[in-house]
Structure formats: C-alpha cells, structure tokens
Amino acid sequence: MFIDDAYAHLHTLSLQGLGVSTPNPNVSAAIYGADGSLIADGFHNRTMSVDHAEVVALKKAGAAARGATMVVSLEPCAHAGTTPPCVQAIIDAGISTVIYAVADPNPIAAGGAKKLADASIAVEYRESKELRYVQRAWLHKEKTGRPLMLWKVATTLDSKVAASDGTSQWITGPESRADVQELRAQSDAILIGTNTALVDNPHLIPRGHKARPVRIISGEQEVPSTNRVFDNEARTISVKSKSIPELMKVLSDEGFSQVLVEAGPTLGSALMASGNIDELIIYQAPKMLGAGKEFVSHLGISTLADHLELELLSVQPFGSDIKSHYLVKGR
C-alpha cells in the first residue's frame, strides 16, 4: 500500500514536470520517514533550477533525510552533467533506502542503482507502468532520438475539421478547448503549418498557465510578422520547407521531448504517413457537416491490408464532446 500511494504521488508530480524539464526527463522524487509519513518531495523544473528531482527533495528535507526512504520515478543518475550525480547527493544525505520505478535507459546516466548499493544503501526496483507512461516522452526520445509526436485534432462526427467555406471555429466545446490548454502546457513545442498560421492566426500560448512552449511553423508560405504567433510571449521557429526530414531534424536538434502537433490535414497526414506521429488525440463534437475538409488526407494507402493500426489508450467525455487518445502501433 505504501508504494502504491507513493507512486500515485510521484505520478502527480511528474505530470507537473511535463513541459518544464526538457532536455531532461520529468523525474519526481519523494522522501518518507520510517512511519511512512512524507518528509519532502520535488520534481525537475528546469525553468526554476537545474536541480534534479532528487536534489530538490533533499534540499527541502535537510537533516530529516538521514535514515529515510527515497522513492523516485526514474533510477537516479550516476554521471556528472550540468549538475553532479544524484547518487552522490543521496549518499551524502544519508538516505537508507531508495525505491525507483523506471530503469534509466541512458548508458551515460545509468548505473545509479549499483552505485547506491555499493554505498550500502538498500535499493529496490519496483516497476510502474503508470510512471513509465507519464515519463514516456523522454523515454521515447532516448530510444528514437526524436521527440514524442502527439497529433491533436478537433473534428465533427463525420471527421470534418472545417466546413466547405473554411470556417472551423469552434467545432468543439469550451471543455475540450480547456483540455487542449493542458496538452499545450505539458508540451515542449507546438507545431503548426503555414496554412494554419495564415487561416487561424493562432497564438498557441497555453491559457491559464505559465508554460511557454516553443512555437514551430513549418511550410513554404510566407506568414506575416504581424501574426500573433510571432509575438514576444514565447519563442517561435520557422522551418521554411515542406521536407519532413528537415523538420524532424530541427525538432530533434532542439532536444524536445514532446511536441504537440496542431497542424491541418496536409502537414499532419504527411507526418503520419512518414511514421512521425506516435499518438493521435481526437476531440469529436456531436456535429455533422456532410461536406468540408477532413482531418486526414493521403497516407499512401491503397489497400485495406496496408492500414495504419491504432490502439485505444483512453476515452473521456468533455462536455458534449468525446476525447479519444490513440497509440499509433508499430512506431
């Protein structure tokens, strides 16, 4: 029961670390006393400090950390980068037990568990699918070398994202649009095409949040410098090309862990067809148009046997809308 409660607490903390920890993982840590009481906790927030989650929690705990148990969402790092190794901070603080949920896949940073054990600290690996999932963007980047790409779409029941006259605001209700602000705040960058920039003139700043994800515009059309996406509230990068490999290189070179794709059918479908969309999030409104622009266009598929297969991860109502979250299988 203790570890279940501790992991649930870390899940909440790691969610808060999304969008503010890049290029590092959104790690969370908590320190508990012998009676199971919470002494201190923390998560990695690079916008406030370079300190990793373990060090954040240790600084809060102070002398109370001696003899305590630390529970951490990712195996503590064993290398010196921007900061000294977390394992040394844990050893110096006198922590007696470390429990971690996900093994570090980075060959440079891995090995923390062994170093802690060599220092006579009790170490236990208790796998957590939930904590792996909440840290999946960074884990995906470590595995593939590119960010996790989430394509967000708002559609009618008949898969239309705009009417025949081009109107598209608003297909979904206020509850869905509020949830999108959460997705934006949890992402390192938001990607749109030049056509979306010209037609919708979006701001792409998460309303109600301090987060300021980088705004990416991809395409060859010229977007006026007066458009809202070029204001000073966040950084904006223009990739003046239709080349998907060129775009993905920019995203990878920037070190983003999670990119939210809010592009239209042309760019979104090109990313999907090229194998660069990992998850699809659809907000579907109880409306029908019969004609208009569909959210997906050509994927290079001509026979049913070549279909893209998706795995449903979750379904959630938002007002009268339905949010469906899918994993694109085989990515």
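A quick note: this is a predicted structure, and the numbers were derived from the prediction, not measured. One-based numbering along the sequence shown.
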Atom NZ of Lys240 with >12 non-hydrogen neighbours under 6.0 angstrom: no
Stepwise side chain to side chain contact (heavy atoms under 4.5 Å, CB included) check, Glu142 with Leu139: CA-CA 5 Å; Glu142 288 298 300; Leu139 292 168; 5.6 Å; no
Qualifying residue, where the test is side-chain contact (heavy atoms from CB on, under 4.5 Å) with Asp278 and the options are Arg136, Arg146, Met272: Arg146
No-hydrogen, no-angle side-chain donor-acceptor test under 3.5 Å, Ser159 and Glu294: no
Within-4.5 Å side-chain heavy-atom neighbours: Pro23 and Ser257: no
Val315 and Ile322: CA distance, side-chain angles, deciding distance, side chain to side chain contact (heavy atoms under 4.5 Å, CB included) verdict: CA-CA 7 Å; Val315 177; Ile322 297 294; 3.6 Å; yes
Side chains of Lys329 and Leu310 in contact at under 4.5 Å (non-hydrogen atoms): no
Pairwise side-chain contact, Ile90 with Glu54, heavy-atom cut-off 4.5 Å (strictly under): yes
Any Leu267 side-chain heavy atom under 4.5 Å of Leu247 side chain: yes
Arg46 backbone acceptor or donor facing Ser21 side chain under 3.5 Å: no
Salt bridge present between Lys114 and Glu75 (N-O < 4.0 angstrom): no
Over 12 non-hydrogen atoms of neighbours within 6.0 angstrom of CG in Asp35: yes
Derivation and outcome, side chain to side chain contact (heavy atoms under 4.5 Å, CB included), residues Gln258 and Met149: CA-CA 6 Å; Gln258 179 169 303; Met149 304 284 285; over 6 Å; no
Under 3.5 Å side-chain donor-acceptor pair for Asp321 and Ser176: yes
Donor-acceptor contact below 3.5 Å, side chain Thr303 vs main chain Asp306: no
Lys/Arg-Asp/Glu bridge criterion (N-O < 4.0 Å) met for Asp188, Arg212: no
Side-chain donor/acceptor of Ser49 to backbone N/O of Asp51, under 3.5 Å: yes
Parallel, tilted or perpendicular: ring planes of His44 versus His52, cut at 30 and 60 degrees: perpendicular
Stepwise side-chain hydrogen bond (donor to acceptor under 3.5 Å, both in side chains) check, Ser73 with Gln135: CA-CA 8 Å; Ser73 63; Gln135 297 173 111; 2.8 Å; yes
Heavy-atom donor-acceptor pair, Lys160 side chain to Met288 backbone, under 3.5 Å: no
Modelled atom types, side-chain donor and acceptor of Glu220 and Ser241, under 3.5 Å: no
Residue pair Ile281 / Tyr326, side-chain heavy-atom distance below 4.5 Å: no
Atom pair CG/CG of Asn45 and Asn26 - distance to nearest 0.5 Å: 11.0 Å
Full working for side-chain hydrogen bond (donor to acceptor under 3.5 Å, both in side chains) between His209 and Glu182: CA-CA 8 Å; His209 295 272; Glu182 297 293 328; 3.1 Å; yes
Minimum-distance pair of heavy atoms, taken over all atoms of Asp231 and Glu233: OD1-N, 3.1 Å
His298 atom NE2, over 12 foreign heavy atoms within 6.0 Å: no
Distance-only donor-acceptor check, side chains Gln316 and His325, under 3.5 Å: no
Side chains of Tyr100 and Ser128 in contact at under 4.5 Å (non-hydrogen atoms): no
Non-hydrogen side-chain atoms of Ile190 and Val259 separated by less than 4.5 Å: no
Ile31 and Leu58, any side-chain heavy atoms less than 4.5 Å apart: yes
Residue pair Asp41 / His9, side-chain donor-acceptor N/O under 3.5 Å: yes
Residues Arg184 and Glu262 bridged, charged N to O under 4.0 Å: yes
Distance, nearest 0.5 Å, that separates CD1 of Ile237 from CZ of Phe256: 4.5 Å
Within 6.0 angstrom of Lys249 NZ, more than 12 heavy atoms from elsewhere: no
Pairwise distance CG(Asp200) to CG(Asn195) - rounded to 0.5 angstrom: 8.5 Å
